[in-house]
**Q** 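Sending over a structure as structure tokens; questions will come in a sec.
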Amino acid sequence: MAISEGIARGRAKIYRHTPIAVEREQIAKSQVEGEHSLLDQAFRRARTALERRKGGHLEGEALEILETHLLLLQDPTYIKSIKEMIEEKLINAAWATEEVTRGIIHTLQASDDEVFRQRAIDIRDIGDSIVVHITGKGAHPSLVLDEPVILLADTLLPSEFFSLDRSNILGLSLDRGGLASHVAILARGLDIPTVIETHPASHAARDGDDVIIDGIRGEVIIRADRQAAQNVIERYNAYLKHEAELLEGASLEARTKDGKHIPIQSNIQTLGELSFAEAEGSDGIGLFRTEFFFMERSTLPSEEEQFRVYKEVLERVAPRSVTIRTLDLGGDKVVSSLNLVEENPVLGFRAVRFCLEHKDIFLTQMRAILRASAFGTAKIMFPMISGVEELKRTLHLLETAKLQLKKEGASFDPDLQVGTMIEVPSAALVTDLLVPHVDFISIGTNDLIQYTIAVDRNNQKIAHLYKPLHPGVLRLLKHIVDQAHRAGKRVAVCGEMASDPCQAVVLVGLGVDELSMGSHAILKLRKIIRLLDLAAAQSLVEHLLTLDSSVKTEQAVQEWMHERFDDLTIR
Ligand code: PEP
Ligand code: MG
């Protein structure tokens with residue numbers, strides 16, 4: 001899987017991560033206190049080490065990731081659980097740390113959420129650093145890069161990545177890792193051509209081998225022959241030309257050839273992503289997923305903390321708008337302090353269902369968003385609404401928040417636009433009943449597809465059944481758009497469909513007014529929209545609606561696209 005575009009060629013350097021060995025030792029009751037203070041000291045030292053690193057020349061995502069690690073280290077429940085284990089089981093601090101850390105990792109890895117699964121490696125990193133400071137033994141074998149290399153690792157912890165001289169990494173291949181892993185994010189931020197999930201590349205290559213990392217196709221070519229190398233170079237040149245063209249379009253309006261303006265906005269979850277969105281010429285933020293701010297910490301953020309974050313985003317994005325989505329917590333997106341474990345989390349106690357039962361949390365967030373709305377163009381929207389009753393209860397709470405603020409004399413935007421997400425089939429079917437209560441709707445196709453086809457969006461075993469162009473999904477989308485338009489309300493899409501060129505043209509053909517996506521796709525979609533004839537996209541959709549299977553709809557769209565766009569644009 002390519003995660004950072006570009007191509008690099010150089011000599012291979014193989015790195016194998018070795019887990020730290022920890023031994024279990026039984027201790028006497030009288031030693032408990034000693035182990036506790038050993039632990040306190042280790043936490044302090046690990047923190048100091050991170051602070052020192054933070055004092056270096058880090059910025060953007062790297063800094064944010066370090067701060068996340070610092071927050072994890074400061075999590076009082078973490079150290080408390082370790083201390084309790086020492087006391088209850090009478091075991092040494094290093095082993096207790098390992099046990100508790102492993103427990104957290106296990107929970108994270110069982111999550112349906114890719115981002116959570118990827119946080120397991122961060123917890124491993126923190127756990128290791130504490131064990132190292134308890135035992136005084138060295139950490140992982142050090143990896144020194146004194147010349148530019150292509151690094152082929154089985155896995156890399158963020159701390160290992162931080163300790164490397166990154167200017168000597170020409171390209172990176174990770175046998176494991178995931179799109180949402182912090183090392184992947186760091187590599188992308190540094191523009192290092194990177195391919196992940198390359199198992200068994202680090203075993204197939206040897207130190208010094210000639211290796212090409214093709215971060216466009218997602219290939220690692222070991223000991224390439226002349227022809228293979230030549231092919232890659234040609235692809236690279238085509239890619240550079242294509243990139244230059246896309247960049248030229250960054251400041252141009254995304255308007256179809258026949259004149260419909262389709263704002264292309266960004267989905268973000270952290271402040272660190274803002275500058276990237278900016279650089280890609282985003283037309284604002286169409287989805288600010290606020291739950292991540294809640295998840296990477298052990299206590300709930302206060303109204304003031306939330307207010308500051310929302311305000312900063314709004315100020316930086318102004319005059320363009322920011323659509324802030326209220327908490328989509330619960331189920332698979334777990335906050336440690338709220339302890340939510342369910343049999344069937346995706347159909348469970350999540351998002352507004354959770355918030356309406358925790359009105360204090362909901363109200364605090366609404367107040368923070370409202371207060372921040374005075375500093376830019378804010379919109380608010382609610383996830384997982386399943387029907388009118390839920391929406392009304394949510395809107396009632398929003399009114400309560402407004403009344404409270406008015407009484408307190410706090411200012412907020414009185415015209416703040418309010419929207420609902422449509423991501424549950426029941427909501428989709430009653431769009432006409434929902435829209436009178438809101439200013440806009442935003443379709444969360446990720447969830448809408450999973451619920452419509454009854455296919456878990458995170459389950460690899462059934463990934464082949466997850467079909468955005470399924471005739472059932474297309475009919476439902478058409479129903480939503482038509483009903484909203486009948487009431488004169490705008491329709492956005494903020495699910496992944498918006499970022500896929502083949503699917504986005506279908507959305508536009510269906511009448512969708514705005515698209516919001518990961519910023520990496522913005523330039524490409526802007527180009528597509530500018531080359532698109534809306535009337536032709538509408539005819540395509542009419543044809544698609546007559547087809548009886550996703551095999552046929554997909555094929556029809558692909559053919560249609562190949563007639564109109566070049567290969568790189570479609571990919
Ligand atoms: C969606 O479901 O399409 C969506 C945008 O929300 P999330 O991916 O955060 O569930
Ligand atoms: Mg969703």
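Read the numbers this way: they start at 1 and go in the same order the structure lists the ligands and their atoms.
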**Q** What N/O/S atom of D447 is the closest to the Mg ion (ligand 2)?
**A** OD2
**Q** Is any side-chain heavy atom of V506 closer than 4.5 Å to one of V541?
**A** yes
**Q** One thing to verify: whether E312 and R308 come together as a salt bridge, which I'm taking to mean a side-chain N less than 4.0 angstrom from a carboxylate O.
**A**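 So R308 does not pair with E312 through a salt bridge.
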**Q** Identify, by name, the N, O or S atom of E423 lying closest to the Mg ion (ligand 2).
**A**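 Restricting E423 to its N, O and S atoms, the minimum distance to the Mg ion (ligand 2) goes to OE1.
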**Q** Taking the minimum heavy-atom distance to atom 2 (O) of ligand 1, which of R350, E423, Q450, M384 ranks first?
**A**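 Minimum heavy-atom distance to atom 2 (O) of ligand 1 goes to E423.
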**Q** Considering only heavy atoms, does R325 approach ligand 1 within less than 4.0 Å through its side chain, its backbone, both, or neither?
**A**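 Side chain only.
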**Q** Are E399 and K402 close enough that some pair of their side-chain heavy atoms sits under 4.5 Å apart?
**A** yes
**Q** Does any non-hydrogen side-chain atom of I268 lie less than 4.5 Å from one of F276?
**A** no
**Q** Any atoms of ligand 1 less than 4.0 Å from a non-hydrogen atom of R457? List them with their elements.
**A**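 Those qualifying, in numeric order: 2 (O), 7 (P), 8 (O), 10 (O).
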**Q** Taking heavy atoms and a distance under 4.0 Å, where does L287 meet ligand 1: side chain, backbone, both or neither?
**A** side chain
**Q** Report the part of E496 in contact with ligand 1, treating N, CA, C, O as backbone and CB onward as side chain, heavy atoms under 4.0 Å; options are side chain, backbone, both, neither.
**A** neither
**Q** Within ligand 1, which atoms have a heavy atom of G444 less than 4.0 Å away?
**A** 1 (C), 2 (O), 3 (O)
**Q** With the threshold set at 4.0 Å, does a side-chain nitrogen-carboxylate oxygen contact exist between E280 and K524?
**A**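 Looking at K524 together with E280, the answer is no, because their closest N to O distance does not fall below 4.0 Å.
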**Q** Below 4.0 Å from ligand 1: does a non-hydrogen atom of M497 turn up there or not?
**A** no
**Q** Give the atoms of ligand 1, by number and element, whose distance to some non-hydrogen atom of C494 is under 4.0 Å.
**A**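 Reading through ligand 1 atom by atom, the close ones are 5 (C).
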**Q** Is any side-chain heavy atom of Q365 less than 4.5 Å from a side-chain heavy atom of I361?
**A** no
**Q** Salt-bridged, R457 to D447, with N to O below 4.0 Å?
**A**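 Looking at D447 together with R457, the answer is yes, because their closest N to O distance falls below 4.0 Å.
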**Q** Tell me which part of M517 gets within contact of ligand 1: side chain, backbone, both or neither, using heavy atoms under 4.0 Å.
**A**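 The answer is neither; M517 stays 4.0 Å or more away.
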**Q** Got a salt bridge between R564 and D533, using NZ or NE/NH1/NH2 to carboxylate O under 4.0 Å?
**A** no
**Q** Have a look at E291, R289, Q269 and point out the one with the heavy atom closest to atom 9 (O) of ligand 1.
**A** R289
